[in-house]
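Notes to accompany the following structure.
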Amino acid sequence: MFNSEYLNELFERTKERNNSQPEYLQAVEEFFEAMDFIVCNDPDIEKYAIMERIIEPERIIKFRVTWVDDKGVINVNRGYRVQFNSAIGPYKGGLRFHPSVNESILKFLGFEQTFKNALTGLPLGGGKGGSDFDPRGKSDDEIMRFCQNFMLELYRHIGADTDVPAGDIGVGFREIGFMYGMYRKIVNENTGVLTGKGLTYGGSLVRKEATGYGLCYFVSEMLRVYRNDNFEDKKVIISGCGKVGMHAALKAQELGGKVIAMSDINGYVHDENGLDLNIVKMLTEKAPEFTQKYLEYRPSAVYESNPTKMWGVPCDIALPCATQNELPIEGAKSLVENGCFLVAEGANMPTTIEATKYLQHADILFAPGKAANAGGVAVSGLEMSQNAQHYPWTYAEVDQKLEVIMSDIFKKAYTEARKYTDHRNLVVGANIAGFMRVYRAMLDQGIL
Ligand code: NDP
């Protein structure tokens, strides 16, 4: 499978030890594939058991969260924090509240986060956490009680210089606010222990837009370098209409692109003349599902109830921004058949391994999430800096820093890709660039 025998043996062992964790194994497999050449040519990686150490989380915390709903019923959920790697800085990564959350998903996310954070150039280690709690259909009071009880356990494991969680699927300003309030009350201090905070209590401007905007800044670099082109008049399709998808759509439009289709869990809407993003934004702010309701405002648009079918809409650029494995091989084939030339991941691991390979073989420009969606954690890092110096930066200052960081991440991935493989292979480039920083820090700090 890999050219390196060391990686083959290690992957077999990893499969045996984690056979019920498909998402985690998928992330490790993709990483090993990208690292194969480096591992074959650097014996120190095996000698110092770097791969064994780097794929194993430093710590996994699993806890019970008990909370009472509006009817007085007592509910029990599982909470987690996966503290993956702190070689280059405090653990950093989001919290996800979704019924699908389990150890496999959080391990894959924490693993990816380690390299993504390294790519930003900021001193941030990798982590991820969350709960199988489903925020859908819950009242604000229920959300508050859940968040407070979640923090009642999590607080003892985090800190501004230890582990700094943020949001992810199902966790936005509201949830971060409730958790931060509880943390402050227990610990009796105001520190940058969470990012993605509200602007009234230490949040950073541009944080809510950062992942989506950063994705478009990254795509702009790809268009410029590989095609001497830009977003102007490009037809863009985007899956997911949450924090990442919505802001990617707004930035793509601002840069001259035309967003012609977007999806949520209930389907997708398509309008060849471009979606009215003001309506999409207004609808998603009211309730999560917007696709069907969009037709009430724009009857000429087309609605389809299967979101995966959106990959068949003819487009130039596709931005998967919803969730893991949402872009399967059939979707990749449809994209290629219908003229798409660039796919950039806003979500974490939205493209299956098979689909990624298919797109690369078809010579589609492809940006992996660990590079292209790093804008969120980058601005989280900037939020930590602002909190530490007790001084906020302006919108323009943060936005400009974000643009520089995304362009720098592209440059790092491109440079490593050119050095080790084809200059278009940003999967290999991003993995190597992220790995090298963590690897060197681990070597410098001894056997731990
Ligand atoms: P949100 O919960 O804000 O939004 C998720 C969106 O995806 C919703 O519109 C949801 O629809 C939709 N969705 C879920 N499943 C599907 C599906 N199978 N097909 C189509 N749409 C679907 O999450 P975020 O925007 O924060 O995160 C999205 C992705 O980006 C995740 O992979 C996350 O890990 C990643 N990411 C997020 C960052 C951030 O800063 N928030 C940073 C880096 C990566 P509905 O509302 O109907 O459920």
Side-chain angles (χ1 to χ4, degrees), residues 23 27 92-101 105-106 108-113 116-117 119-120 126 128-130 134-137 165-176 195-196 204 206-215 218 237-249 261-269 280-281 283-294 304-311 318-328 331 344-351 368-381 383 402 406 409:
E23 294 86 1
K92 180 93 198 81
L95 295 170
R96 177 177 291 192
F97 291 169
H98 192 271
S100 66
V101 162
I105 289 181
L106 295 179
F108 117 67
L109 288 165
F111 183 62
E112 294 269 305
Q113 193 81 45
K116 181 189 310 192
N117 293 2
L119 279 168
T120 65
K128 203 80 188 188
D134 187 357
R136 268 169 180 269
D168 190 76
I169 292 177
V171 178
F173 276 136
R174 178 181 56 169
E175 292 75 16
I176 292 287
T195 58
S204 173
V206 201
R207 176 58 190 89
K208 76 172 158 36
E209 300 92 337
T211 311
Y213 279 21
L215 175 66
F218 193 94
I237 64 173
I238 300 176
S239 64
C241 199
K243 298 184 286 299
V244 180
M246 189 68 236
H247 291 104
M262 290 185 82
S263 65
D264 60 21
I265 195 74
N266 294 323
Y268 75 87
V269 278
V280 177
K281 192 160 179 287
L283 288 171
T284 49
E285 274 164 8
K286 279 191 187 156
E289 305 92 0
F290 83 97
T291 42
Q292 268 168 309
K293 291 191 199 102
Y294 184 84
E304 153 67 49
S305 63
N306 180 351
T308 322
K309 290 213 170 139
M310 188 187 72
W311 305 122
L319 305 176
C321 295
T323 193
Q324 63 272 358
N325 292 327
E326 50 157 324
L327 174 47
E345 297 184 325
N348 285 308
M349 210 169 72
T351 319
K370 56 169 73 91
N373 73 29
V377 74
V379 173
S380 276
E383 184 173 329
L402 169 65
M406 294 314 295
I409 293 174

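When a ligand or atom number is given, it counts from 1 through the structure's own listing order.
- Val206 has its side chain within reach of Leu402: a pair of non-hydrogen atoms, C-beta onward, lies under 4.5 Å apart.
- Distances from ligand 1 to the non-hydrogen atoms of Arg96 include at least one value under 4.0 Å.
- Rounding to the nearest 0.5 Å places CZ of Phe290 at 5.5 Å from CG of Asp264.
- Under a 4.0 angstrom heavy-atom cut-off, Arg136 registers as being in contact with ligand 1.
- Side chains of Lys92 and Thr195 form a contact here, defined as non-hydrogen atoms less than 4.5 Å apart.
- Residues Ile237 and Trp311 have side chains in contact (heavy-atom distance under 4.5 Å, counting atoms from C-beta outward).
- Contacts of Pro350 with ligand 1, taken as heavy-atom pairs under 4.0 Å, are absent altogether.
- For Lys293, the NZ atom sits in a packed shell: over 12 heavy atoms of surrounding residues, nucleotides or ligands are nearer than 6.0 Å.
- The contact set between ligand 1 and Asn348, taken as ligand atoms under 4.0 Å from a residue heavy atom, comprises 32 (O), 33 (C), 34 (O), 35 (C), 36 (N), 44 (C).
- The N/O atoms of Val244, backbone and side chain alike, include one that comes under 3.5 Å of an N/O atom in ligand 1.
- Under 3.5 Å, the side chains of Asn266 and Thr291 contain no donor-acceptor pair of N or O atoms.
- Less than 4.0 angstrom separates some heavy atom of Cys321 from each of these atoms of ligand 1: 28 (C), 29 (C).
- Note: an N/O pair closer than 3.5 Å links Thr211 and ligand 1 by distance alone.
- Residue contact check for ligand 1: Asp168 places a non-hydrogen atom closer than 4.0 Å to it.
- Considering only heavy atoms from C-beta on, Glu304 stays 4.5 Å or farther from Met310 through its side chain.
- Heavy atoms of Glu326 found under 4.0 angstrom from ligand 1: none, in either backbone or side chain.
- Side chains of Thr323 and His98 form no contact here, defined as non-hydrogen atoms less than 4.5 Å apart.
- At least one N or O atom of Cys241 sits closer than 3.5 Å to an N or O atom of ligand 1.
- For atom 28 (C) of ligand 1, the choice among Gly245, Ala322, Gly240 with the nearest heavy atom turns out to be Ala322.
- The ligand atoms of ligand 1 that sit less than 4.0 angstrom from a heavy atom of Gly170 are 2 (O).
- The heavy atom nearest to atom 26 (O) of ligand 1, considering only Met310, Lys370, Lys243, Gln324, is found in Lys243.
- Distance check: Glu326 CD to Glu345 CD gives 8.5 Å after rounding to the nearest 0.5 Å.
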Is there a side chain to side chain contact (heavy atoms under 4.5 Å, CB included) between His247 and Thr211 once you walk through the steps?
CA-CA 8 Å; His247 291 104; Thr211 311; over 6 Å; no
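- Going from atom CD1 of Ile238 over to atom CE of Met262 covers 4.5 Å, rounded to the nearest 0.5 Å.
- The proximity of Ile265 to ligand 1, defined as any non-hydrogen pair under 4.0 Å, involves the side chain as well as the backbone.
- Contacts between Ser239 and ligand 1, counted as non-hydrogen atom pairs separated by less than 4.0 Å, are absent for every part of the residue.
- Under a 4.0 Å criterion applied to the non-hydrogen atoms of Pro307, ligand 1 contributes the atoms 19 (N), 20 (C).
- Atom numbering of ligand 1 starts at 1 in the shown order; those under 4.0 Å from a heavy atom of Arg207 are 40 (O).
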